[in-house]
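Here the structure is laid out as structure tokens; the discussion comes afterwards.
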Amino acid sequence: MFDTKNLHPTDVHIKVQNFGPIDQAEIDLRPLTVFVGESNTGKTYLAALIYALYSSFAGFSRFPWSHHDVLDLRLTRRGLPAYGKEGEIRAILEKLSKDALPYKFSDLPQRIRVQLQSVLNAPEIFTSQLIRCFDLSSVSDLIRFTDTSDAEMQILLSVREKDQTLWSVEARDSGSGITLEGYVNDDLEICPEEIGVPKETLGILDIASLLRHEIQNGEKTYYLPAARSGLMQSHGVIASALIERATRTGLEGFLEPSTFSGMVADFLQALIRYKERSGSEDQVKGIAKALEDGLLRGQIEVKHPVPGGYPEFLYRPRQTEQTLRMSQVSAMVSELAPLVLFLRGVVCPGDTLIIEEPEAHLHPSAQTQIALSLAQLVRAGVRVVVTTHSEWLLQQIGNLIREGEVMQLGKSNTVPANWLLKGEVGAWWFSGNHKPVAEIPFDRIEGIEPQDYFDIADKLYNTFVKLEQQLLDEEASRAIE
């Protein structure tokens, strides 16, 4: 069993104001984060923002510089820096190799601190990711577009560890372009113990390896968009069309070529470049296999009709050799096939997976099974973010938390097959109407139940009682006659 705290050592806090359809939202990313609420209230916007933030800072690790080479510690065979200011880098390594540990951000030479800090104050990367992910012409288009007043958009990302902010970035835009203000905690520690080498035997090469890991090892995030079923069926046609129109003559007749959002483009790219993850079976692959066996009742196969060409995805029902193209299968199969493929060949423990409406096109019983898969992903160390309208999904998640509550009581000698802890799940309700996004507390009796679900249930029940009474009165009148 994976320890999700080790795979996700940081706590991530995101706050937005006047962002697209969202008036105000403040959330913490949990191992399982759920966005629920009415349509067109900002669930997808916030999920896309999470993806854009991940892409901008290569994950939410302890160090926000994973994709930058501002601190290059490649060494020659003699253990000396490969290039750069040799004396400065060697001073860092020598200080780390002594007993004066831990080594902190404030211990770095000023030149390097300034370089690292400047990354968090430069808007170019974040701006380009927002434009790409939301398919915009300007970031200012994200300023609360349902409000006619002069509003300022604010985005705050804070990465914490043990109730201490490690680093943060605040973005603001009043219509004239985005500005960033970054912060790095001077006490941010570089801990050599993390590489598993005893302090007394720690060598200069071990420390260099640690720093390279801290600076360059960014976690990965993947986004399964709501349109994945249609994209799954048409990705081959789309790929062929892109090749055909890749030349200037191929684009003739298009006044303005249509574009995808960054998430859809990345999803298509993952399909076009799909390759099975090598190595032995792991827990994430096992979840994919369980989905095939339990829900799809068959297998998703990957074939390459032309060596080195684009893959073709087929469905083979259980106990048959016949295969079906994605355009021939049920909506449930084409909806779940991308999830199976990503778990089987892309997503690894430590990654983040964002799924829009995992319940789409699924029978209620299948929706409850998807909730079990989400819990299994959490146990495997994958951070999961979902948007949903499904009451069945929420009820099953509530039951899984109850399983965890009962397990913690220690009254059973067996561990349940699937379970979640209360602190591992965060659910947020998007209601619109100038109301802030609010966290839905877990209740041992009610589970996770948004208030509007109660209102809808009451309205349906009251209508049912009224109509039932009218029908009963009519039957009674006929009986008297």
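With respect to Glu424 and Arg379, a salt bridge is recorded, a charged nitrogen being found less than 4.0 Å from a carboxylate O.
When all heavy atoms are compared, the tightest approach of Ala52 to Gln129 is O-CB, 4.0 Å. Minimum interatomic distance between Trp429 and Gly37 (heavy atoms only, all atoms of both residues): CD1-CA, 3.9 Å. Considering every non-hydrogen atom in both Leu136 and Leu130, the closest pair reads CD1-O, 4.0 Å. Closest non-hydrogen pair, Ile22 versus Val437, comes out as CG2-CG2, 4.2 Å. Between Ala371 and Ile397 the shortest heavy-atom distance is CB-CG1, 4.2 Å. A pairwise comparison of heavy atoms in Asp135 and Ser261 identifies CB-CA, 4.1 Å as the closest pair.
A distance-only check finds a donor-acceptor pair linking the side chain of Gln367 to the backbone of Leu362 [under 3.5 Å]. Checking side-chain atoms of Asp351 against main-chain N and O of Val382 turns up no donor-acceptor pair under 3.5 Å. A donor-acceptor pair under 3.5 Å is formed between the side chain of Arg402 and the backbone N or O of Arg444. Between the side chain of Asn185 and the backbone N or O of Thr165, at least one donor-acceptor pair lies under 3.5 Å. Of the possible polar contacts, one joining the Lys43 side chain to the Glu38 backbone as a donor-acceptor pair under 3.5 Å is found. Listed for the Arg228 side chain is no donor-acceptor partner under 3.5 Å among the backbone atoms of Met232. The backbone N or O of Phe60 lies less than 3.5 Å from a partner atom in the side chain of Thr10, making a donor-acceptor pair. Under a 3.5 Å cut-off, the side chain of Arg344 and the backbone N or O of Lys285 do not form any donor-acceptor pair. Although no hydrogens or angles enter the test, the distance criterion places a donor-acceptor pair under 3.5 Å between the side chain of Glu292 and the main chain of Ile300. When atom types are taken as modelled, the side chain of Tyr274 and the backbone of Pro311 share no donor-acceptor pair closer than 3.5 angstrom.
Distance OG1/Thr221 to CD1/Ile354: 4.0 Å, rounded to 0.5 Å. Considering CD1 of Ile440 and CZ of Phe35, their distance stands at 11.0 Å, rounded to 0.5 Å. With values rounded to the nearest 0.5 angstrom, Met153 atom CE is found 11.5 Å from Gln17 atom CD. With values rounded to the nearest 0.5 angstrom, Ser56 atom OG is found 9.5 Å from Leu157 atom CG. One distance of note links NZ of Lys15 with CD of Gln24; it measures 6.0 Å at 0.5 Å rounding. With rounding to the nearest 0.5 Å, the separation of CG in Leu372 from CH2 in Trp419 is 14.0 Å.
Looking at heavy atoms from C-beta onward, Leu120 lies in side-chain contact with Phe57 at the 4.5 angstrom threshold. Within the 4.5 Å cutoff, no side-chain heavy atoms of Leu420 are placed close to those of Leu374. The closest side-chain heavy-atom distance from Val329 to Leu314 is not below 4.5 Å. Proximity of Asn399 to Thr368: side-chain heavy atoms (C-beta onward) are nowhere separated by under 4.5 Å. Side chains of Ile27 and Ile50 form a contact here, defined as non-hydrogen atoms less than 4.5 Å apart. Using a 4.5 Å heavy-atom threshold, the side chains of Leu336 and Ile370 count as touching. Counting heavy atoms from C-beta outward, Leu156 and Glu170 have side chains that approach closer than 4.5 Å. The shortest side-chain heavy-atom distance between Leu296 and Arg318 does not fall under the 4.5 Å cut-off.
Other residues, nucleotides and ligands contribute over 12 non-hydrogen atoms within 6.0 Å of the CH2 atom of Trp428. Summarising the local packing, CD of Glu276 is surrounded by more than 12 heavy atoms from other residues, nucleotides or ligands at distances under 6.0 Å. Counting non-hydrogen atoms of other residues, nucleotides and ligands closer than 6.0 Å to CG of Asn40 gives a total of 12 or fewer.
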(request) Kindly determine whether Ser334 and Ser229 satisfy side-chain hydrogen bond (donor to acceptor under 3.5 Å, both in side chains), including the steps that lead there. (result) CA-CA 5 Å; Ser334 60; Ser229 178; 2.7 Å; yes

(request) Evaluate the criterion side-chain hydrogen bond (donor to acceptor under 3.5 Å, both in side chains) for residue pair Tyr223 and Glu356; output intermediate values, then yes/no. (result) CA-CA 8 Å; Tyr223 197 110; Glu356 285 193 70; 3.0 Å; yes

(request) List the steps and the verdict of side-chain contact (heavy atoms from CB on, under 4.5 Å) for Arg132 and Asp266. (result) CA-CA 11 Å; Arg132 179 178 180 273; Asp266 291 345; 2.3 Å; yes

(request) Would you please test His389 and Ser39 for side-chain contact (heavy atoms from CB on, under 4.5 Å) and show each step? (result) CA-CA 8 Å; His389 295 284; Ser39 300; 3.6 Å; yes

(request) Go through the steps for Phe126 and Ile155 under the test side-chain contact (heavy atoms from CB on, under 4.5 Å), then give the verdict. (result) CA-CA 11 Å; Phe126 187 38; Ile155 301 170; 4.2 Å; yes

(request) Decide yes or no on side-chain contact (heavy atoms from CB on, under 4.5 Å) for Phe313 and Leu271, but give the supporting numbers first. (result) CA-CA 9 Å; Phe313 303 109; Leu271 292 179; 4.1 Å; yes

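Phe19 has its ring centre less than 6.0 Å from the ring centre of Phe134. Ring-centre distance between Phe105 and Trp167: not below the 6.0 Å cut-off.
Each of Tyr54, Tyr51, Tyr222 was checked for a side chain to side chain donor-acceptor pair (under 3.5 Å) with Thr352, and the lone residue meeting it is Tyr54.
Ring geometry for Phe267 versus Phe342: interplanar angle under 30°, hence parallel rather than tilted (30 to 60°).
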